[in-house]
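Data first, discussion second: the structure below is written as structure tokens.
Just so it is clear: chains get the letters A, B, ... in the order the sequence lines come, proteins before strands, and each one is counted from 1.
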2 protein chains.
Amino acid sequence: MTQNAQVSRIQRGRRTEIRRENERVILDAAEKVFAEAGYGGATMQLIADMAGLPKANLHYYFPTKEALYRQVVRNIFEIWLHAADTFDHAPGPVEGIGGYIEAKMAISRRHPFGSKVWASEVMHGAPVIQDYLETTLRDWTAGRMAVIQRWVDQGKMAPVDPRHLLYMLWAMTQHYADFGHQIETLNGGKPLTDAQWQEATETVKSVILRGIGVI
Amino acid sequence: MTQNAQVSRIQRGRRTEIRRENERVILDAAEKVFAEAGYGGATMQLIADMAGLPKANLHYYFPTKEALYRQVVRNIFEIWLHAADTFDHAPGPVEGIGGYIEAKMAISRRHPFGSKVWASEVMHGAPVIQDYLETTLRDWTAGRMAVIQRWVDQGKMAPVDPRHLLYMLWAMTQHYADFGHQIETLNGGKPLTDAQWQEATETVKSVILRGIGVI
DNA sequence: CCACAACCTGACCATCCGGTCAACATAATT
DNA sequence: AATTATGTTGACCGGATGGTCAGGTTGTGG
């Protein structure tokens, strides 16, 4: 028991390490392939090649393609939820919403594949994570709407419908990931530079913050 | 010649009518299936069933799945381009941008499948319409950016980066089509009513117009 | 009415894909 | 060292899919 506890804490086991590493490699490859080809267009063989493993090995760690896909989507969902921390402990809309925009823009830049997988999943009717939408996301949304409504009631911002404001924030920030290819093409075929990302973030922030009457 | 011209104008021919009608039915079905299943997930059999035609008939009108898909994407692109008419003949940002938001929100409601197909295509790297992005869309974007910049120079609106403002407009309006399922789920599983669409449009308009300093 | 062209479609095929499995290799345990 | 548990992989399979085609039907022009 003592030994088991120690093992699970320090993760000394070679076996555990192998499993952890392989699952990570597979999930990374899967995220990219699912994002670039869609669920239907993605093949286990493609994912295997990108992960540098034989296809049969994928099925050892993830029984089915859908199970692998489900795990990818869940991982993304977790990242998204944690992005709202700045939203919560903010004294007002300037810090709260401004910080949320910055956090989500940063995620769009760092996890473009994940954002695309999420978008794809939702666009196809959320066949895999419908229950998440109906429980976790719904609760999350209700909570943030309450925060925004409180700010409105306290006169800290213009009386904007909280629900549609949230949708606007999601739409604009995720657009830079989901439509990254289009943006890149319109940028002369080159990815946005650090300065351009900063510019995008500032533009979104300024328009929104002015739009809700806090500038 | 005279007869041909008349035929092509009035479309009397039964043959012509059959072809026109079948192509329309197939394209409508294809748009829906491509939107709901993605390119890879869509099957010619599914499209055929939805169109009420045998699969082989699809290949009579469209030689390959990709050719059919290409036509669907092109049709959508045309609709999008024509949506900017209100943008052009406007005296200032209030009418121009406000009208553009209304037009695009209306399109999102009326053509949700088309919007999703477009989003999917771009997310997967625009394998089919990359040339459109680099020519037509780029020119279109440059033109509208010039209009916005002129308004800024004339002091008709706050100095907002025209490019990112356009991206914001696209993102928000298309979000209501592309993420319609998520929005519907967060709306208690029911589609938005007329009033709710109006509310969404008004919220987007008010936040943006205030955000660019014209209210 | 005839002949030609356009349209229609059931049956078929080569290919690909997700998933399985048996045999083997390596690490952990006793 | 021996045994067991875990990880690895090439080969294989059933089913689905995009696409073909021959033979039929329907419209059209002469």
Side-chain angles (χ1 to χ4, degrees), chain A residues 1-27 29-30 33-34 36-72 127-128, chain B residues 1-27 29-30 33-34 36-72 127-128:
Chain A
M1 190 57 132
T2 309
Q3 197 177 7
N4 277 344
Q6 190 163 356
V7 164
S8 73
R9 193 184 305 153
I10 310 185
Q11 301 297 351
R12 275 258 182 242
R14 174 105 178 83
R15 280 273 157 70
T16 310
E17 192 182 334
I18 288 177
R19 172 168 283 271
R20 185 181 297 269
E21 173 66 9
N22 279 346
E23 284 180 349
R24 194 190 60 80
V25 168
I26 294 171
L27 284 170
V33 173
F34 281 133
E36 290 179 345
Y39 180 81
T43 68
M44 295 298 275
Q45 188 61 60
L46 256 174
I47 297 172
D49 292 347
M50 182 153 296
L53 294 171
K55 194 187 71 168
N57 212 345
L58 265 63
H59 282 100
Y60 174 74
Y61 287 103
F62 300 91
T64 65
K65 181 185 181 184
E66 186 178 324
L68 174 56
Y69 174 75
R70 184 184 294 267
Q71 191 58 47
V72 168
V128 169
Chain B
M1 190 57 130
T2 310
Q3 197 177 7
N4 278 343
Q6 189 163 358
V7 165
S8 73
R9 195 184 304 153
I10 310 187
Q11 301 297 347
R12 276 255 182 245
R14 174 104 177 84
R15 278 271 156 71
T16 310
E17 192 182 333
I18 289 177
R19 172 169 283 270
R20 186 181 295 270
E21 173 65 10
N22 278 346
E23 285 180 349
R24 193 189 61 79
V25 168
I26 293 171
L27 284 169
V33 172
F34 280 134
E36 290 179 346
Y39 180 81
T43 68
M44 295 298 275
Q45 189 62 59
L46 255 173
I47 297 172
D49 292 346
M50 183 152 298
L53 294 171
K55 194 187 70 168
N57 212 346
L58 267 63
H59 282 99
Y60 175 74
Y61 286 102
F62 300 91
T64 65
K65 181 184 180 184
E66 185 178 324
L68 174 56
Y69 174 76
R70 185 184 294 265
Q71 191 58 48
V72 168
V128 168

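Partner A/Tyr61 forms a side-chain contact (heavy atoms from CB on, under 4.5 Å) with one of A/Leu68, A/Ile26, A/Leu27 and no other, that one being A/Ile26.
In this structure, the nucleotide among D/dG7, D/dT9, C/dT9 sitting nearest to the side chain of A/Ile18 is D/dG7. For A/Arg15, the side-chain atoms get nearest to C/dA28 when compared with the rest of C/dC7, C/dG10, C/dA28.
Spacing between atom CD of A/Glu17 and atom P of C/dT26 amounts to 17 Å, rounded to whole angstrom units. Between A/Leu53 atom CG and D/dG10 atom C1' there is a gap of 15 Å when expressed in whole angstrom units. Rounded to whole Å, the distance from CD1 on A/Ile26 to P on D/dG7 is 11 Å. As rounded to whole Å, 11 Å separates atom P of C/dC8 from atom CD of B/Glu21. We find that CG of A/Leu58 is positioned 14 Å from P of D/dG7, with the value rounded to whole Å. The CZ-C1' distance, from A/Arg20 to D/dG7, rounds to 17 Å in whole Å. Taking atom CG of A/Leu46 as the reference point, atom P of C/dC16 lies 13 Å away to the nearest angstrom. If you take CG of B/Asp49 and P of C/dG10, they are 12 Å apart, rounded to a whole angstrom.
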Review item, nucleotides 17-21 of chain C N/O atoms under 3.5 Å of protein N/O:
from, atom 1, to, atom 2, distance (Å)
C/dG18, OP1, A/Ala42, O, 3.1
C/dG18, OP1, A/Lys65, NZ, 3.2
C/dG18, OP2, A/Met44, N, 2.9
C/dG18, N7, A/Lys55, NZ, 3.0
C/dG19, OP2, A/Lys65, N, 2.6
C/dG19, N7, A/Lys55, NZ, 3.2
C/dG19, O6, A/Lys55, NZ, 2.7

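Ring orientation note: the planes of B/Tyr69 and B/Phe34 are nearly perpendicular, at an angle over 60° on the 30°/60° scale.
Residue B/Glu66 qualifies as open at atom CD: its count of foreign heavy atoms under 6.0 Å is 12 or below.
Residue A/Asn57 places none of its side-chain N or O atoms closer than 4.0 Å to OP1 or OP2 of D/dG10. Phosphate proximity of C/dC7 to B/Tyr60: present, with a side-chain N or O under 4.0 Å from OP1 or OP2.
Using a 4.0 Å cut-off between a side-chain N of Lys or Arg and a carboxylate O of Asp or Glu, B/Glu17 and B/Arg20 do not qualify as a salt bridge.
Of all the heavy atoms in A/Ala48 and A/Pro54, the pair that sits closest is CB-C, 4.1 Å. When every heavy atom of B/Val128 is checked against every heavy atom of B/Arg70, the shortest pair comes out as O-NH1, 3.6 Å.
Residue A/Phe62 is classed as having no contact, given no heavy-atom separation below 4.0 Å to the nucleic acid.
A distance-only check finds a donor-acceptor pair linking the side chain of A/Lys65 to the backbone of A/Ala42 [under 3.5 Å].
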